[in-house]
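To start, the structure itself, in structure tokens.
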Amino acid sequence: MEKSFEPAQIESTWYARWEASGAFKPSGQGEPYCILLPPPNVTGTLHMGHAFQQTVMDMLVRYQRMRGMNTLWQVGTDHAGIATQKIVENQLAVEQKTRHDLGRDAFVERVWKWKEESGSTITNQMRRIGAAADWSRERFTMDEGLSAAVRKVFIDWYRAGLIYRGNRLVNWDPVLGTAVSDLEVNNVERDGHMWSIRYMTADGAASLVVATTRPETMLGDVAVAVHPEDERYAHLIGQLLHLPLTGRQIPVIADDYVDRDFGTGCVKITPAHDFNDYAIGQRHKLAPITIFTLDAKVNDNAPEKYRGLDRYDARKAVLADLEASGLLVETKPHKLQVPVSQRSDAVIEPMLTDQWFVDLTSDVQADGRPGGRKAITEPALDAVRNGDIKFVPENWATTYTQWLDNIQDWCISRQLWWGHRIPAWYDEAGNIFVGEDEADARASAATAPVGALRQDDDVLDTWFSSALWPFSTLGWPANGPVQNERGDVVANWEQDKIFLPSAVLVTGFDIIFFWVARMVMATKYFTGQIPFREVYINAIVRDAEGQKMSKSKGNTLDPLDLIDGIALEPLVEKSTKSLLIPQVRAKVEKRIRKDYPDGIPAIGTDALRFTFAALASYSRTINFDIKRAEGYKAFCNKLWNASRFVLMNVDQVEPDQRKWNNARSNFSDGGLLINRWILSRLQATIREVEEHFRSYRFDLAAQTLYEFVWNEYCDWYIELCKPYFSGDKEGNKDFVSQTALQVLEHTLRLLHPIIPFITEEIWQQVAPRLGFETLSIFDQPYPIAELRLDSIEADREVSWLKATVSKVRQIRSEMNISPGKTIPLLFADGDDGDRARVAKFAAQISFLARTEAPQWIEAGADEPAAAAAVVGTLRVMIPLAGLIDVAAEKARLTKEIARIEVEIRKCEGKLGNASFVANAPAEVVAQERQRIADWNTTLGALREQAGKLQK
RNA sequence: GGGUGCUUAGCUCAGCGGUAGAGCGUCGCCCUUACAAGGCGGUGGUCGUAGGUUCGAUCCCUACAGCACCCA
């Protein structure tokens with residue numbers, strides 16, 4: 001083995017070998033265990049959130065495979081409608097073209113081309129993370145099979161009356177020219193103004209003042225609302241107002257939506273451009289007046305002078321005119337929430353448009369068939385409420401159910417070209433025909449179309465196809481094999497439906513609504529099954545200071561830069577390349593130069609994965625600190641070197657003298673306590689890790705293994721082995737070698753789901769020496785704890801040994817005795833057990849504490865002046881002569897005595913409290929009594945020692 | 001306005017009714033032939049504040065403060 005851990009060397013070969021061997025495909029044996037990859041944007045790149053989430057999935061898949069499950073990690077990518085279309089439109093913009101210049105077919109062809117060019121970037125990055133995914137079944141939401149599923153679902157829902165077309169208010173992105181989901185809209189706090197405007201009554205006798213942050217929308221006002229119980233305005237209800245600048249008259253209406261205490265208590269109502277106003281308008285049967293075009297310019301419904309003005313220019317003009325006519329009462333600064341499109345950064349304009357919707361809210365249809373609430377929403381709610389689907393951590397179930405309880409119909413049409421074109425056609429009379437294709441649409445229609453048919457221009461929301469992911473990727477709706485464009489079979493519903501429901505969905509909380517809920521709806525409706533039994537909501541990755549990672553802040557990390565490392569200059573270059581604003585660019589560059597003066601060190605995939613595991617508690621954010629990752633790289637190095645050392649020593653035992661072979665679990669401890677101890681500790685570790693995997697506490701699993709490897713196996717077990725390795729007199733060397741090797745082999749398997757590369761690399765060395773030949777650690781069984789290997793006795797004995805050695809080391813250190821210097825060691829008092837232990841462990845004590853062979857001082861014999869510590873009743877002494885300053889030792893003892901006295905006072909306080917003794921459980925009281933007894937024993941011995949030092 | 005979290009060592013985080021823990025950092029001594037990405041030994045916390053329940057509270061309850069996030 002190499003002298004140190006070099007991740008790049010190890011990682012380069014193993015992944016390709018695993019993939020080529022077919023190891024990632026379902027074994028076909030055991031219970032099905034499926035994980036669905038939340039399909040990333042096909043043309044995207046891997047970010048820290050992906051890397052974290054995929055590490056979690058990979059740990060689960062590898063773990064369950066080792067446990068004998070028939071695992072499938074179903075992967076694929078998403079066409080990401082708006083995002084991908086926008087990238088290609090930006091490319092066209094460089095050529096000074098728009099998509100309209102190309103035309104629909106040519107544009108879509110160009111997007112496909114872009115997908116071919118960049119579509120494998122993210123999947124190749126996933127391979128670097130080590131993802132044990134079945135790439136032979138990789139799918140794309142717009143491939144033929146998944147598109148067929150989309151069409152079938154649309155048609156079935158339409159024919160069941162659950163999809164309808166309607167003119168409704170939607171979030172409109174005036175830059176992209178499409179409806180967007182309310183989940184794709186961020187409400188951003190911005191500095192704005194609150195303007196107060198006076199509206200006179202029609203007769204000019206009275207007036208009221210409305211407050212608004214969007215004065216330009218007054219051009220579309222249809223009423224002013226006041227609270228029905230607001231005495232200030234009671235007399236105006238029902239009267240007509242003169243709407244300034246327009247010549248229109250609008251009524252004063254009463255609606256208890258109005259907050260009397262906000263502003264003036266009068267609310268202007270613009271139903272065509274505000275969701276709340278829309279609802280009020282409907283309640284009062286007021287026809288909305290749309291005043292904007294689809295690119296947010298004032299339209300012909302407004303007075304002529306404003307027509308054609310952009311929203312914000314119209315605002316200026318309206319304000320100026322109101323001011324001129326003395327109707328602008330007040331202007332004051334105001335913080336407001338502005339809806340901003342996540343996709344274009346444009347301010348959203350609510351707009352009345354014709355769109356397609358999935359009914360999720362009606363109980364029953366006019367013809368008596370069940371409505372969307374009964375048919376789609378409620379089954380999805382019930383699946384979580386009745387526990388068929390569990391969230392981890394469980395409180396996310398509340399988020400899910402609250403959202404579904406208040407759900408609106410789902411607007412599924414998008415005015416884009418990239419996506420699944422809606423399988424609906426219109427005849428010249430505007431009748432709708434839905435079908436697989438035009439012929440099917442005609443054939444399925446009840447009446448003959450009038451004239452020619454024209455297909456709907458719009459495409460479906462990306463999440464519509466994602467909602468089908470749990471079953472469409474398994475081959476539905478086809479019955480037989482489904483092939484990809486290369487002719488390879490990628491799914492076969494007949495066989496693959498055993499993977500539904502999948503075991504667990506690992507995903508971020510931000511798409512519980514977008515995706516999780518919709519998968520439950522669609523999967524329940526079309527297959528009658530739940531899509532997954534559990535939903536593990538992973539934390540959001542932030543930077544070390546807890547800030548969101550964002551390119552404009554310069555605090556993003558590329559997982560591959562952590563794995564491979566990157567020098568400062570290339571890092572600056574890549575981080576600022578896409579930033580267009582010079583100030584932002586400068587800020588980011590400055591930050592990067594400050595945060596990473598030497599660039600980013602290469603930590604390797606395994607260390608990155610271990611870091612993710614160690615951070616994956618139930619908390620909702622994880623702050624990623626490179627320092628911590630470096631610490632776990634050190635852990636990998638530790639494991640590497642421990643393995644190297646063990647292998648070196650094993651090889652010194654001649655093969656024909658080995659008493660073991662094929663010895664994975666054929667343990668021969670040789671009667672040695674240290675072997676029984678480490679085997680016992682291994683069992684405890686196995687049990688803990690199992691528990692932590694079961695509860696998705698990867699942080700605790702990682703910590704348990706870290707502690708076992710470093711604090712037990714390396715710090716104590718290997719050290720305890722050394723005397724056997726170097727100068728074994730009793731012929732136990734091979735028993736020690738065997739156990740060291742077996743425990744290492746188990747440990748590698750325990751660690752493999754977390755750090756697959758290094759464990760495979762080492763295991764390839766270890767396994768043959770234990771006499772078993774298999775290809776890969778990948779499909780080895782996960783270790784199972786065995787009761788027969790537990791040993792309380794060995795735990796107790798080794799605890800004593802550790803305590804004794806630690807006491808000697810402590811004295812050495814505090815007395816400034818050079819670590820290299822061998823010193824004498826004396827024992828006094830103690831019981832028979834101590835005598836036996838000293839005899840048994842003499843060699844180890846001398847080795848670990850760098851002492852001469854320990855000597856006993858018999859009771860009553862003269863004692864040399866010595867520094868001392870106490871283990872139970874045993875006094876551990878280091879003679880002072882030439883080594884120790886008496887005054888320093890006295891000070892040390894005094895401090896130790898004081899510390900123990902404090903502990904004793906604490907115990908006395910408890911035991912002196914009658915109600916403690918009366919009420920606390922018996923074992924707690926007993927424990928307290930034992931403790932005080934132990935402290936007193938120690939204290940007595942220390943005082944005696946201090947007394948001796950006085951002489 | 002409704003909801004969900006969080007507040008523990010300098011930093012990043014576990015713990016959650018009975019002796020406060022980890023990693024990183026920091027201090028001291030060591031290049032002791034597995035590992036200096038290391039070894040040994042330290043330092044460091046009135047567990048956000050105030051009440052309450054309890055024999056006992058970092059942990060349970062209430063209020064408050066601060067910080068996040070989600071929904072309207």
Side-chain angles (χ1 to χ4, degrees), chain A residues 1 3-5 182-183 187 259 262 275-276 337 393 395-396 398-399 402-403 405-406 509-510 512-513 539-540 542-548 601 603 607 610-611 614-649 697 699-700 702-704 706-707 710-711 714-715 718-719 721-722 725-726 805-806 808-822 847-850 902-903 906-907 909-921 923-925 927-928 931-932 934-935:
Chain A
M1 286 174 79
K3 188 141 192 298
S4 64
F5 164 60
D182 50 0
L183 301 170
N187 286 307
D259 178 355
F262 186 80
F275 286 95
N276 290 317
Q337 299 281 321
N395 43 300
W396 288 109
T398 318
T399 306
Q402 281 178 357
W403 185 72
D405 272 335
N406 298 301
F509 77 91
D510 50 339
I512 289 178
F513 312 137
I540 300 300
R542 298 175 175 239
D543 74 5
E545 277 95 47
Q547 299 289 312
K548 262 187 188 160
I603 62 160
F610 201 94
T611 310
L615 292 172
S617 68
Y618 280 173
S619 81
R620 46 175 70 185
T621 56
I622 60 174
N623 298 349
F624 190 92
D625 189 348
I626 288 187
K627 290 279 194 258
R628 193 137 177 197
E630 287 170 10
Y632 292 124
K633 186 188 178 189
F635 172 75
C636 291
N637 188 53
K638 187 78 179 175
L639 177 66
W640 182 268
N641 278 292
S643 306
R644 191 163 68 93
F645 181 73
V646 168
L647 289 170
M648 252 160 46
N649 283 288
R697 287 301 303 269
D699 61 325
L700 299 179
Q703 193 184 336
T704 300
Y706 185 103
E707 283 173 1
W710 204 310
N711 303 345
C714 292
D715 284 352
I718 287 183
E719 293 303 316
C721 287
K722 283 180 179 174
F725 287 153
S726 58
V805 169
S806 294
V808 177
R809 286 171 170 173
Q810 208 171 339
I811 292 170
R812 293 185 70 113
S813 180
E814 290 179 16
M815 292 296 108
N816 284 319
I817 300 168
S818 165
K821 186 172 174 61
T822 302
F847 176 75
L848 292 175
R850 283 250 157 179
V902 169
E903 296 294 345
K906 273 197 226 165
C907 290
K910 281 193 178 181
L911 290 166
N913 181 344
S915 47
F916 171 75
V917 179
N919 294 322
E923 64 267 25
V924 174
V925 177
Q927 177 189 301
E928 210 62 29
R931 222 158 62 204
I932 200 169
D934 291 346
W935 287 128

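Residue numbers start from 1 in every chain, and the chains themselves are labelled A, B, ... in the order their sequence lines are given, proteins ahead of strands. No experiment lies behind these values; they were computed from the predicted model shown.
Atom CD1 in A:Ile622 sits roughly 16 Å away from atom C1' in B:C11 (whole-Å rounding). For the pair A:Phe624 CZ and B:C13 C1', the computed distance is 14 Å after rounding to whole Å. Taking atom OH of A:Tyr706 as the reference point, atom P of B:A22 lies 11 Å away to the nearest angstrom.
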Which atoms of nucleotides 18-20 of chain B (N or O only) lie under 3.5 Å from a protein N or O atom, and what are those distances?
{"from": "B:G18", "atom 1": "O2'", "to": "A:Lys910", "atom 2": "NZ", "distance (Å)": "3.4"}
{"from": "B:U19", "atom 1": "OP2", "to": "A:Arg931", "atom 2": "NH1", "distance (Å)": "3.3"}

Close N/O contacts between protein and nucleotides 1-7 of chain B (under 3.5 Å):
{"from": "B:U4", "atom 1": "O2'", "to": "A:Arg620", "atom 2": "NH2", "distance (Å)": "2.5"}
{"from": "B:U4", "atom 1": "O2", "to": "A:Arg620", "atom 2": "NH1", "distance (Å)": "3.4"}

Solution key, residues 629-636 of chain A side-chain donor-acceptor pairs under 3.5 Å, sequence neighbours excluded:
{"from": "A:Tyr632", "atom 1": "OH", "to": "A:Arg628", "atom 2": "NE", "distance (Å)": "3.3"}
{"from": "A:Tyr632", "atom 1": "OH", "to": "A:Arg628", "atom 2": "NH2", "distance (Å)": "3.2"}
{"from": "A:Lys633", "atom 1": "NZ", "to": "A:Ala602", "atom 2": "O", "distance (Å)": "3.1"}

Stepwise side chain to side chain contact (heavy atoms under 4.5 Å, CB included) check, A:Asp699 with A:Tyr618 | CA-CA 9 Å; A:Asp699 61 325; A:Tyr618 280 173; over 6 Å; no
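Consecutive Watson-Crick or G-U pairs involving RNA chain B, each under 3.5 Å on both distances, make up stems of three or more pairs at B:1-7 with B:65-71, B:10-13 with B:21-24, B:26-30 with B:38-42, B:48-52 with B:60-64.
For the pair A:Arg812 (side chain) and A:Lys821 (backbone), a donor-acceptor distance under 3.5 Å is present. Side-chain N or O atoms of A:Arg850 include one that pairs as donor or acceptor with a backbone N or O of A:Gly820 at under 3.5 Å.
Inter-residue side-chain proximity for A:Ile512 and A:Trp396 is flagged as met; some heavy-atom pair is nearer than 4.5 Å.
Projected onto RNA chain B by closest heavy-atom contact, A:Leu700 and A:Val917 fall at different nucleotides, the more 5' of which corresponds to A:Leu700. Between A:Asn913 and A:Asp699, the residue whose closest nucleotide on RNA chain B is further toward the 5' end is A:Asp699.
Rounded to a whole angstrom, the distance from the P atom of B:C27 to that of B:U19 is 33 Å. Straight-line distance between the C1' atoms of B:G10 and B:G1: roughly 40 Å, to the nearest whole Å. Only the C1' atoms considered, B:G21 is 11 Å distant from B:G45, to the nearest whole Å.
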Letter by letter from the 5' end, nucleotides 32-45 of chain B scores (B base, S sugar-phosphate only, - none; protein heavy atoms under 4.0 Å) B-BB-BSSSSS---
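Listed by chain and number, the residues in a side-chain contact (heavy atoms from CB on, under 4.5 Å) with A:Met1 are A:Trp640, A:Ser643, A:Arg644, A:Leu647, A:Ile762, A:Gln765 (sequence neighbours excluded).
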